[in-house]
Amino acid sequence: QQPVQSPQAVILREGEDAVINCSSSKALYSVHWYRQKHGEAPVFLMILLKGGEQKGHEKISASFNEKKQQSSLYLTASQLSYSGTYFCGTERRDGGSQGNLIFGKGTKLSVKP
Amino acid sequence: GAGVSQSPSNKVTEKGKDVELRCDPISGHTALYWYRQRLGQGLEFLIYFQGNSAPDKSGLPSDRFSAERTGESVSTLTIQRTQQEDSAVYLCASSLFRTSGLEGIQYFGAGTRLSVL
């Protein structure tokens, strides 16, 4: 039950905003967001634990709607350094799945000067 | 160490050979995960270890894949009789605990790029 990310890819000009969505068909406990630059390890950005909660990291924020089983990542006034592939990792509400993340296929973000 | 360390960073092997990939987790992290990432794809869960508990092997694609971890230290992922479809980046991650919340945040190594010729 891999979460679905959209869009698959997006190209921005520096300073533009973007939204990346992550949807699951299963009830979720949490959503983790990671960014991976080419040839590097995925880096943790933020974790969303409660319904409707928003977390922020510099000009990157995210929301988590438990009822809709989805999370969105908001990138504001994008910088060149934001380029990379963004992955959401979802943690299901099932007790046996605690701590086990299922990752989406990723959204490739390219920020141009 | 300061972060998750994986070795080798690159491995080229011939079809049918066995390979061993190594992961050194962050000191003090009890949970360790292995993922496979094919070119342009997401992270595919393979196996996870938590302390001395039985590992969760539910993601291993075939019996050619196995992994070991001694206590809360180094882990080795072994692929026997490698096939071309095994070519991918193998990523290791560790977390303080396998739990929901901040203590379950996973920290990744840079990966081992495996190429099977």
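Residue numbers begin at 1 in each chain, while the letters A, B, ... track the order of the sequences.
In the hydrophobic clustering of ILVMFWY residues, with side-chain heavy atoms under 4.5 Å counting as a link, A/Leu80 and A/Ile11 come out apart. Hydrophobic clustering (side-chain heavy atoms under 4.5 Å, transitive across Ile, Leu, Val, Met, Phe, Trp, Tyr) keeps B/Tyr33 apart from B/Leu21. Tracing side-chain contacts under 4.5 Å through hydrophobic residues (I, L, V, M, F, W, Y), one never reaches B/Ile47 starting from B/Leu43; they form parts of separate clusters.
Counting heavy-atom neighbours within 6.0 Å of B/Glu14 CD, excluding the residue itself, gives a total of 12 or less. Counted within 6.0 Å of CG on B/Leu117, heavy atoms from surrounding residues, nucleotides or ligands total more than 12; the atom is thus considered enclosed. The number of heavy-atom neighbours closer than 6.0 Å to CD of B/Gln83, taken from other residues, nucleotides and ligands shown, is above 12. Counting non-hydrogen atoms of other residues, nucleotides and ligands closer than 6.0 Å to NZ of B/Lys15 gives a total of 12 or fewer.
In terms of heavy-atom proximity, A/Phe44 sits nearest to B/Ile105 at CZ-CD1, 3.3 Å.
Ranked by heavy-atom pairs shorter than 4.5 Å toward chain B, the options A/Gly89, A/Gly106, A/Ala41 are led by A/Ala41.
Only the side chain of B/Gln37 has a heavy atom closer than 4.5 Å to any heavy atom of chain A. At a 4.5 Å heavy-atom cutoff, A/Gln5 makes no contact with chain B through either its backbone or its side chain. Heavy atoms closer than 4.5 Å to chain A are found in the side chain of B/Leu91, but not in its backbone. For B/Tyr48, no part lies near chain A; criterion is any non-hydrogen pair under 4.5 Å.
Taking OH from B/Tyr35 and CZ from A/Phe103, the interatomic distance works out to 4.5 Å, rounded to the nearest 0.5 Å. Separation of atoms CZ (B/Phe45) and CD1 (A/Ile102) is listed at 7.5 Å; rounding is to 0.5 Å. To the nearest 0.5 Å, atoms OG1 (A/Thr85) and CD (B/Gln41) are separated by 11.0 Å. Put simply, NZ on A/Lys105 and CZ on B/Arg38 are 11.5 Å apart, with the number rounded to the nearest 0.5 Å.
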